[in-house]
Amino acid sequence: MKSRKAIFLRATFVLIASLASLQLAAQTNPLWTQQKVKNYLPHMTYPEVEAFLEKSDMVIIPVGSLEQHGDHLPIGTDFINGVERCKLIAQERDVLVAPVLMVGQSPYHMGMAGTITLRAETIVQVHLEAVESLIHHGFKRFIIMNSHGGNRAITTLLVDQINQTTPGVAVSFGQAAGPFMDPDPEPPATVLDRHGGTSE
């Protein structure tokens, strides 16, 4: 009969080997291809969020859409643009990037397959509840970055509702950054190139 020590050592070896193989599998998982991004909430652990709160209480929330962008751009163009711009800002400043919804308001694109749209009330309500959750954890200042023209009225209302119905303080990214931006040296475009065009 094997000694208890030998059984324990064998069980320990099997456990360590299993954990090592799981770790290796996680590192080579073909479904996960992103590098961890600093200050990007979906990539953070809760202790990292707690540590972040010791230096900043500011959150930037991109508000995008899932809608057609012609034959050449992905349906997630607006969402991707907003999230990636916020990530770039978060590499330079202590601001937490917290995307809440991929979907925005795009009823006028529903003729194109793949577009998803939500009612304005739904978008505002979901964002308000998300902001209330973040306030619960200690965040106080919110920047709302609209990355879809059809959300302009919604994001204006969202900023207003955060300021009026929560203890948080909110501003729109455009209003906050506008005074610090250099004027565009390019003359205004004479051809409509706004949706699915060069800038996107």
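Numbers here are sequence positions counted from 1. Note that this is a predicted model, so its numbers are computed, not measured.
At a threshold of 4.0 Å, the pair E48-K36 counts as salt-bridged, since one of the basic side-chain nitrogens sits closer than that to a carboxylate oxygen.
Applying the 6.0 Å contact sphere to CD of Q175 captures no more than 12 heavy atoms from other residues, nucleotides or ligands. Within a 6.0 Å sphere centred on NZ of K140, heavy atoms belonging to other residues, nucleotides or ligands number 12 at most.
I116 and M112 fall into different hydrophobic clusters, defined by Ile, Leu, Val, Met, Phe, Trp and Tyr side-chain heavy atoms under 4.5 Å apart, directly or through other members. L41 and F139 fall within the same hydrophobic cluster, where Ile, Leu, Val, Met, Phe, Trp and Tyr residues are linked whenever their side-chain heavy atoms come under 4.5 Å apart, directly or through other members. In the hydrophobic clustering of this structure, L134 groups with L53; members are Ile, Leu, Val, Met, Phe, Trp, Tyr whose side-chain heavy atoms approach within less than 4.5 Å, directly or through other members. Two different hydrophobic clusters hold L73 and L66 under the rule that ILVMFWY side chains link at heavy-atom gaps under 4.5 Å.
Between I123 and L101, the shortest heavy-atom distance links the atoms CA-CD1, 4.2 Å. Across every non-hydrogen atom of A113 and I75, the tightest pair is O-CD1, 3.7 Å. Smallest separation of non-hydrogen atoms from F79 and M102: CD1-CA, 3.5 Å. Residue H43 comes nearest to Q35 through the heavy atom pair CE1-O, 3.4 Å, listed as atom of the first residue, atom of the second, then distance.
Using modelled atom types, one finds no donor on one side chain facing an acceptor on the other under 3.5 Å when comparing D94 with S56.
V95 places none of its side-chain heavy atoms less than 4.5 Å from the side chain of N39. Taking 4.5 Å as the limit, every side-chain heavy atom of L96 sits out of range of all side-chain heavy atoms of Y40.
Side-chain atoms of Q91 come within 3.5 Å of backbone N or O of K38 as a donor-acceptor pair.
Expressed to the nearest 0.5 Å, how far CG of D57 lies from CZ of R141 amounts to 4.5 Å.
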Listed pairs under 3.5 Å, donor-acceptor, residues 103-110 side chains, sequence neighbours left out:
from, atom 1, to, atom 2, distance (Å)
S106, OG, E67, OE1, 2.5
S106, OG, H148, NE2, 3.4
Y108, OH, Q105, O, 3.4
Y108, OH, H148, NE2, 3.2
H109, ND1, Q68, NE2, 2.8

Exercise. Step by step, would you call I60 with F173 a side chain to side chain contact (heavy atoms under 4.5 Å, CB included)?
Worked result: CA-CA 8 Å; I60 187 166; F173 176 79; 4.3 Å; yes
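Residue pairs meeting the salt bridge (Lys or Arg N to Asp or Glu O under 4.0 Å) criterion with at least one partner in residues 104-130, sequence neighbours excluded, are R119-E121.
Looking at V159, T165, D160 one by one, the single match for side-chain contact (heavy atoms from CB on, under 4.5 Å) with N163 turns out to be V159.
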